[in-house]
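One structure below.
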Amino acid sequence: MLYVKAPAKINLTLDVLYKRPDNYHEVEMIMTTVDLADRIGLESRHDGQIKIVSTDNFVPDDHRNFAYQAAELLRNTYGIKEGVTISIEKQIPIAAGLAGGSSDAAATLRGLNELWNLNLSLDELAEYGAKIGSDVSFCVYGGTALATGRGEKIQEIAPPPPCWVILAKPKIGVSTADVYGGLKLDGIKHPNTKQMIQAIETNDYPLLCASLGNVLETVTFKLHPEVVTIKEQMQRFGADAVLMSGSGPTVFGLVESEPRVSRIYNGLRGFCEEVYVVRLLGERNPLA
Ligand code: ATP
């Protein structure tokens, strides 16, 4: 059995520039990985089938699973006869804005590259990733990057200054399509992506905190007011900066001082069941 880690991502910025003729939104976002990860196990099968086994009943066990699509894509493209059992130990909450499904697909691509001796580069794997979903390319590389296009064009940036990240996920799942569908581009407040890149590259933590921004917040806040409450609570308990990740509903807080982490964690646990304390990973994934 080959094991591959599939880390979650958070968005330090998420901007939507315009709607494209192909109906996708042109985005500009800075993403970084955190050390909350699913574990993907890959084991060859001689019957040529792709099977998904998961610890979580909400994870689809057929072609709807992004990890299944990753295996099918490589298998068909390279005429592989073998099948594979993909075991997914789920740690990343589902439909949370943390790219769990995309990261599982990316880890499957990296792992099968090894298991099936395909010798593909991360760039080639990221290109296959883009065929599965907009966030899969980023997840193939991990680390910290500016993603443009519909999210599949990746430019690596330096790891951000280290800090704690507190993730709080309200008990709702959010449909990314609904949130993008509800976005009105007129009069939205765009985050300052350039300033965020500068903050990361100069290791300027206060500037990083001041540069967080996500244009989807207002849409998700309207659909699910409990997300606003969590953001306000995290601010009140003393996080240095707070933002919703992706299309939500997970809200993350950045914290530099360790004693404050437990205060915020304990405060949030009072009314939110799913709270995680993690670190920024910052560095890129190795090839599996
Ligand atoms: P993003 O941040 O990329 O928008 P997300 O974190 O909001 O993603 P996911 O956890 O990837 O959302 O789940 C979105 C949907 O994808 C779920 O409703 C689920 O049915 C489907 N899905 C497909 N493959 C997986 C997988 N391996 N793990 C979890 N969900 C998956």
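Whatever order the structure lists ligands and atoms in, that order sets their numbers, starting from 1.
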Is there a protein heavy atom less than 4.0 Å away from atom 26 (C) of ligand 1? yes
Taking heavy atoms and a distance under 4.0 Å, where does Asn65 meet ligand 1: side chain, backbone, both or neither? both
Note the single closest protein heavy atom to atom 3 (O) of ligand 1, along with its residue, its atom name and the distance in Å. Asp135 OD2, 2.8 Å
What residue and heavy atom of the protein are closest to atom 4 (O) of ligand 1, and at what distance? Thr176 OG1, 3.1 Å
I need the contact type for Ser134 against ligand 1. Using non-hydrogen atoms and a strict under-4.0 Å cut-off, is it side chain, backbone, both or neither? neither
Among all the protein's non-hydrogen atoms, which is closest to atom 17 (C) of ligand 1, and how far away is it? Ile94 CG2, 3.9 Å
Side chains of Thr55 and Glu89: do they bring a donor and an acceptor to under 3.5 Å? no
Starting from atom 23 (C) of ligand 1, locate the nearest protein heavy atom and write down its residue, its atom name and how far away it is, to 0.1 Å. Arg64 O, 3.3 Å
Starting from atom 24 (N) of ligand 1, which protein heavy atom do you reach first, and at what distance in Å? Phe66 N, 3.0 Å
Nearest to atom 31 (C) of ligand 1, what protein heavy atom do you find, and at what distance? Pro60 CD, 4.0 Å
Tell me the nearest of Ala70, Ala99, Ser54, Gly101 to atom 11 (O) of ligand 1, using heavy-atom distances. Gly101
For atom 13 (O) of ligand 1, grab the closest protein heavy atom and report residue, atom and distance to one decimal in Å. Ala95 N, 3.6 Å
Using distance alone, with no hydrogens and no angle criterion, decide if Asn192 and Lys194 have a side-chain donor and acceptor under 3.5 Å apart. no
Distance-only donor-acceptor check, side chains Ser134 and Glu152, under 3.5 Å: no
salt_bridge(Arg260, Asp240) N-O dist < 4.0 Å: yes
Proximity flag Gly97 to ligand 1, non-hydrogen atoms under 4.0 Å: yes
Nearest-neighbour protein heavy atom for atom 28 (N) of ligand 1, which is reported as residue plus atom name and distance: Lys90 NZ, 3.0 Å
